[in-house]
Each structure stands twice: as structure tokens, then as C-alpha cells.
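Here the structure comes first, spelled out in C-alpha cells, and everything after it is commentary.
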Amino acid sequence: MRSLRLGRLELRRFTRSRLTRAALAGVVMLPLLYAGLYLWSFWDPQGNLENIPVALVVEDRPATADGKTVDAGRELAEELRDREVLGWHTVDARQAADGVNDGSFYLSLTIPADFSARLASPSGDGTPTPAELGVQVDTGRSYIMGTISDAVFAEVKDAASRTALKDYWDNVFVSFGELHDATAKAANGADELHDGTAEAGKGASSLNSGLGQAKDGTHQLAVGLGSANTATGKLSAGADKLTRSLGQAEDGSRKLGQGLAKLEKGAKQVADGNAQVYDQVHAQVPRLNKVADQVIPVLEENGTRLQSLAEAVEHGANQIADNAGALPGGVRQGADQARQQAQQLQNWLDGNPDADPRLRSIAERLAQSTQEVTAGLEGASSGGGGGDAAARLQRDARRIAEIAGRTAEIAPTAGQRLDQARDKINELDKGLGELADGSAKVEAGLGDAAAAGGELTSGLGRLGDGSAQLSRGLSRLGGGIVKLSDGATRVDTGVGRLHEGAGELTTGLGKLTDGSAELSDKLGDGARQIPDYGKGERADRSDMMSEPVRLANQVLNEVPNYGTGFAPFFVPLALWVGAMVSYMVLRPLNPRLLAGTAPAWRIAVAGWLPGLVLGAAQVGVLMAVIRFGLGMEAAHWAGVAGILLLTAAAFLAVVQAVNALLGPPGRVAVLALLMLQLTSSAGTYPIETSPGFFQTISPWLPMSWVVSALRRLISGGDLTVVWQACGVLALTIAVGLSLTVYAVHRGRTWSMRRLHPELAL
């Protein structure tokens, strides 16, 4: 507590006048001025780049690629103006050059006249040529503008490149799609070719089979035509014979016609005769039937009687024959009786004209014989030629007996026989009628035959002529068949060749079918392997190929602006400056206490506490301005406050110790320590980018730990380094106060160097 009281007494020394109080206020505000103004000035310089005047020269002329107009220069200029990265001023080339030279523009960007044409060159037929952008920058006016322009135009170049690549890859993917479609069509065509060749193979196989059959047919045709030629020769010879035979047949037919004419004439006579006979017979048949109807019953009724009469005549005749030599008286009587009986029979037959003719003939001969017998007997009785007469009488008597015997045999059946004879006559009449009709028909037929014979003769004449023509035709046919046979032989040979060719064609089509199938499969595989992108997929892939590698930027503990990023560096720097200024105003050791008997540590603390109060005030003012004035955000404001207070305490302890040990020259040493900490604290660039000396001293200086701790407390992250910094700062405080204690002990000893310092500031 005594140390606190001693420290308060040191501060009260600055409240005695306005000047000292102003000096005290200036000490408190000085870190704020240093850090606050610096951070305020560079809080967000990249956010105000649109205020930097730059020249934009657009000389590009639109180009044409694949029927589309490429106006990349105008589009790029519009994109740059829309982004407002820099303060673009569109001027011509002369104005841009003059502006860069006289400082009106920090830099100029020129889009050349062939910018669009070069961007479109990958889609043309020539060699693709990269597009170039012209940049002119005067780094002598502002070096940082070179870096800024490099970053900005790198982005511009990437954007233009992505645009060009996107169009290029879009065309490539379109080409892929067209190639895919064309390959798919080719695959379909190859498939159809395969089907067609398969069908053609089947057709060729059928053609081969058909040509084989045709070959057999043509061979058979050739053989058949040879046989036909032989047959035609035979037919021609037969036709000649037929012609001659038909000539002979014509002569025979002509003679047959003449014979038929004669035969017709004879047949006419026969028919006329038969007609006459029939007319005559037919005219008598009714009367004959009528007589028969009358006689037959009589004969049937008197048959026995007639038989008796005939037997009697026979008997008498036999007696006469037996007694012709003796000629008894009874012979003449018997002859007379026989003659009478015969006459009676003759009369009866005469009275019956329809009697059996044979019976009538027998009766007539009987009557004639009996008359001759009687005449013979009378001649014999008269004495003239009695022996011959007896012989004739005997002979006649025998004949009479024979005729009478036969009459006796016929007489019982004469009626029946007569009936049969009538039937025969009727049949004869009918037959004569049919004969007459037949004769007429024969006559008519012979007339027709004669006419037919004429026609036959004429027909045979025509047949002869036709046969002659046939013979001549067969001769010509034979010649034609010979030619046809020769042609058939050649056709057979040609068909044989066609058959062989069809076989080769079938084999070739089989290979073609296999090849077309393989071609179809390969093209199908190729079409499946060739990507076919839709509009959306093409756009996605064009984006990816135009920027194949992208940075998946995951920012941890993001720093929003330049001021926030450099606050961990400038704030401790300001506190160090504040510590330096504080001990420019404060005395590191109170001389009054030093001359007393107070313990050294109490004197050291009493000299450190006033500075700590000023440091705390500096921290408070600085944090208030940074937070509410500049708007900085911190992840751990309490930690920021604590680490800043601890930093101020450590820096004050170090500055107090250096000043206490070295006196006024210690201010130079403190300034040297400031330079060492500024260059080794990694406040701007990572310490690894600095030479080895700075990397070596960096861990041994407190500002390096303070910068690291503040970055974690402001931007967030692992707080281990914060605790490590706290330990380092605490150790720094201890070392500083220990050195101050040492300085107190040494300050109580007067020496010549202390009485007469070699250097006084």
C-alpha cells in the first residue's frame, strides 16, 4: 500500500499546473493518436479503390465465330465498370498515355482491337491465339498501385480467361453432343446396315441356292434342248413321212370318195329294190295273214284226214309200183283212185290259195304223178311199149308213194307249220321293212360318207399342207433349238459363274454382316462413351472446365478489413510508444525515495505504478476509440482489455527498468527495443518471411506474443497463445521490476560516471 501511496504522490506532482496536467493528458492520448490515426487512415483502403482514377481504352472490334458475334471487349469493359473495382475512365489511347505520364491516371488498361478475334480463334480453323490486355502503370508514383493493379488485373485476366474458356468449352461440349448424335446416327446406320446386310446375306444365300437350282435347271435345259434337238430332227423326219403319208391318204381318200359315190349309187339301188320288195311283200302279208287265218284252222282241223289221204295215196302208189308189171284190173282202178284223190287234194289246195306252198307243190306234183301213172296205165293197156311204161309207172308210183308219204307226214302238222310260216312271213315283212329303212340309212350314210370323204380328202390335203409347214417349222425349230441349246450352254456356264459368285457374295455378305455388327457395336459403345450434354449440363461443365481448379476458401477467424487485421500490431506498438512517452514525463525512480531508506522493490513499484495508471488510461481511451470510433469488432473484448492492460504494464516495466538503469541514454535503448520488436513481431508479414535474426529474437521480445494474443482475442481462434502471452508479459513485468530494483540499488551508490555522465539527453 505504501508503494501505491508513493505512486500517487508521483502522479500528484503533475496536477500542480495546467501544463503538467496537459502533459499528463497528452501522455494518455499519445498512443491513441498513434494507433487511432494510423488505423483510421488504413482502416479499409481496398474498399475505396473505386476512387483511384484509371484509364480504360477499348479498341476491340467485334468478331464472328460460328455465326455468332463475339464482342468480348465491350462486355469486359461493361463488367469492369459494373464491378467498380477502380475508378474507370473510358478514354482513347493517347489520353490514357498522357494521363499516366502526368499523373492523372495511376494506370491504364487497353483492350486491343483483336481481343474478340483472338478469343474467338479457338472455334475457327486457324491457330488459336491468346488475347492480350495492355496495362500501363507508374509504380514510381505509388508502388502499392503496382501490387493492386497486379491483383485487380489478375482477376480481370482470370475473368476474361474463364469467359473465353467457357465459350470454348461450351463449343467443345456442343461438338461432343454433335459428335455423340452423329456417332449415334452412325451406330443406327451401322445397325440398319447390319440388318440390311443380314437380309442381303439371306437373300444372297437364297440367290446362291436359287442359282444352284438354276444351274441344275440350265444344265437340264441344255441337256433337254440337246434331246429336243434330236427329237425335233425325228419330228421333222416324221413330219416328212406324215406329209407323204397324208398325200397318199389324200389320194386314198379321193378314191374312197369315188368308191363311196359308187357304193352310194349301188346302195341306192339296193335301197330302192329293198323298198320295192318290202312294198310288195308288205302288200301281200295282210292277205296271207287273212288266208292263214282261214287255212290254218282247216289244216289243223283236217290234218289227220289229209294224212289219211296221203297215206292212202302212198299205199296205192306202192301197190301200183309193186304191181306195175302185172297191171291187174285193180291197178288201173287204184291209179284212177290215186289220181282222183290227188286231184281232189289239188282242188282243195286250189280252193285254198293261202295253203302251205310246199303242201301245194307236193299236191301239184302228186296230182301230176297220178295223172302220169294213169296215163301210163292206159298206154300199157293199149299195148304200146308196155315194158318201159311199166318201168315208168313203177318209178312214178314210187315217187307218188314217196310224195304221199311225205304229205302224210306233213299233213298233221301242216296247220302248225303254216302258222309258223305266217309268223316267218310277218317277220320277213318286218325284216324287209327294217332292211328297206336300213338300206335307206345306208344310202344316206354312204351319201354322208361320200361327203365326208370329200371333206376328208380336203382335210387330208390341208393336213398335208400343214404337215409340210410343220416339217418346215420343225426344221426351223431344230435350227432354233440348236441355237437355243448353244445359248442354254452359255447360260448354264454363266449361271455356274453366277452361282460361284453368289457363293462368294454370300461369304462376303456374311463377313460384311459380322463386320457391320461389330461396327454397330463399336459405334454404339463409342456413342455411349461420347458424352451428350444438355444445355444445363453443358453450362455446368463449361464452368468447371473454364475454371477446373477452384479454391475452396474456408476462412477461419475472418478479418473483415485492413484496420482490424493490423490492430494487433499497431495497438501494442502504440502502447510501447505510450510507455516511452510516459517515462519521458514520469521519473522511473523517485529521487527522494531513492535517497531514503525505503526498500528497493518499493521504490521500483512506486515508479512503475504511475506509469501503469497512465497505461491503463491509454488502454481505455484507445479501446473506446477503436471500438466506437472505428467500429472494430473483437471476439473477446474482455480478453483484449486484459491483455492490453497486461501489455501496458509489461512495456512500462521494461521502459522503466531501461530508463532506471541507463538514465537518459535509456530512451535510445527503448527506441532500439521498439525497432527490434517492430521488425520481429510479425505484425505485417509472417515471421518466416523475415531473415533468421528476426526469427531468432522474435520469441524473446514481448510484442511478438502480444501481437499473436491480440489476433486470437480480436479475430477468434485457439486462446493458448493468449495464456502464453500472459505468462510472457508477467515474466516481462517481473524482469522489468527486478531490473528496476537492481537499478535502485545501483542508484543509491554514487560514482564518477553518475556524477559526470558521458552522455546526457
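By convention here, the first residue in the shown sequence is residue 1. These numbers come from a predicted model, not from an experiment.
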Taking every non-hydrogen atom, the tightest pair across P588 and N659 = CG-CB, 3.8 Å

Heavy-atom check, side chain of L644 versus side chain of M623, under 4.5 Å = yes

Indicate yes or no: at least one non-hydrogen side-chain atom of W601 is less than 4.5 angstrom from one of L737.
-> no

Determine, stepwise, if the pair L622 / I626 fulfils side chain to side chain contact (heavy atoms under 4.5 Å, CB included).
-> CA-CA 6 Å; L622 187 59; I626 292 175; 3.8 Å; yes

Would you confirm whether W40, through its side chain, and G563, through its main-chain N or O, come within 3.5 Å as a donor-acceptor pair?
-> no

Which one of T110, D71, D114 satisfies the side chain to side chain contact (heavy atoms under 4.5 Å, CB included) criterion with D60?
-> D71

List the atom of I643, the atom of A725, and the distance in Å for their closest heavy-atom pair.
-> CD1-CB, 4.2 Å

Which heavy-atom pair separates V707 from P568 by the least distance, and what is that distance?
-> CG2-O, 3.4 Å

Could I get the full list of salt bridge (Lys or Arg N to Asp or Glu O under 4.0 Å) partners for D98, not counting sequence neighbours?
-> none

Could you tell me whether the side chain of S708 and the main chain of W705 form a donor-acceptor pair under 3.5 Å?
-> no

Counting distance only, does the side-chain N/O of S715 pair as donor-acceptor with the main-chain N or O of R712 below 3.5 Å?
-> no

Shortest non-hydrogen contact between A641 and V619, atoms and distance | O-CG1, 4.4 Å

Taking the side chain as C-beta and beyond, is there a heavy-atom pair between V654 and W576 under 4.5 Å?
-> yes

Value rounded to 0.5 Å, distance of OH in Y685 from CZ in F694 | 14.5 Å

Report yes or no: does Q656 contribute a side-chain atom to a donor-acceptor pair with the main-chain N or O of T740 at less than 3.5 Å?
-> no

Look at the side chain of S704 and the backbone N and O of S698, then say whether any donor-acceptor pair between them is shorter than 3.5 Å.
-> yes

In terms of heavy-atom contacts, does CH2 of W637 have more than 12 from other residues, nucleotides or ligands at under 6.0 Å?
-> yes

Report the residues that fulfil side chain to side chain contact (heavy atoms under 4.5 Å, CB included) with L56, sequence neighbours left out, ordered by chain and then residue number.
-> V58, A77, L80, R81, W88, T90, L109, I111

Is atom OH of Y562 surrounded by more than 12 heavy atoms (other residues, nucleotides or ligands) closer than 6.0 Å?
-> yes

Report the C-alpha separation of L652 and V655 in whole Å, then their side-chain angles, then the decisive distance to 0.1 Å, and conclude whether the side chain to side chain contact (heavy atoms under 4.5 Å, CB included) test is met.
-> CA-CA 5 Å; L652 287 170; V655 173; 5.7 Å; no

Please check if the side chain of S116 supplies one atom and the backbone of A72 the other of a donor-acceptor pair under 3.5 Å.
-> yes

Count the heavy atoms belonging to other residues, nucleotides or ligands that lie under 6.0 Å from CZ of R627, then report whether that count exceeds 12.
-> yes

Indicate yes or no: at least one non-hydrogen side-chain atom of V57 is less than 4.5 angstrom from one of V91.
-> yes

Output, in order, the C-alpha distance, side-chain angles, deciding distance and verdict of side chain to side chain contact (heavy atoms under 4.5 Å, CB included) for L76 and L133.
-> CA-CA 11 Å; L76 177 60; L133 293 173; 4.0 Å; yes

Say whether, by atom type as modelled, one donor and one acceptor occur between the side chain of Q136 and the main chain of S108 under 3.5 angstrom.
-> no

Between A634 and V640 the two heavy atoms that sit nearest each other are CB-CG2, 4.1 Å

How many angstroms lie between CG in L673 and CE in M580, if you round to the nearest 0.5 Å?
-> 9.5 Å

With a 4.5 Å heavy-atom cut-off, do P53 and Y106 have their side chains touching?
-> yes

How long is the gap from CG on L678 to CE on M703, to the nearest 0.5 Å?
-> 5.5 Å

If every non-hydrogen atom of M584 is compared with every non-hydrogen atom of R667, which pair is closest and at what distance?
-> O-NH2, 4.2 Å

Tell me, do V577 and F651 make a side-chain contact under 4.5 Å, heavy atoms counted?
-> no

CG-CZ distance between L676 and F693, expressed to the nearest 0.5 angstrom | 5.5 Å

Could you tell me whether a side-chain N or O of R711 sits under 3.5 Å from a main-chain N or O of G683, the two making a donor and an acceptor?
-> yes

Test side chain to side chain contact (heavy atoms under 4.5 Å, CB included) on V54 and I52 and set out the steps.
-> CA-CA 6 Å; V54 295; I52 298 176; 4.3 Å; yes

Side chain proximity check, Q677 to V706, heavy atoms < 4.5 angstrom = no

Are the side chain of S738 and the backbone of A734 linked by a donor-acceptor contact shorter than 3.5 Å?
-> yes

Could you tell me how the ring of F105 sits relative to the ring of H89: parallel (under 30°), tilted (30 to 60°) or perpendicular (over 60°)?
-> tilted

Separation between CD1 (I697) and CD1 (I687), nearest 0.5 Å, reads 7.5 Å

From CG (D82) to CD (E78), nearest 0.5 Å = 7.0 Å

If only atom types and distance count, is the side chain of T732 paired as donor or acceptor with the main-chain N or O of V728 below 3.5 Å?
-> yes

Is there a side-chain contact between L575 and L573 (heavy atoms, below 4.5 Å)?
-> no

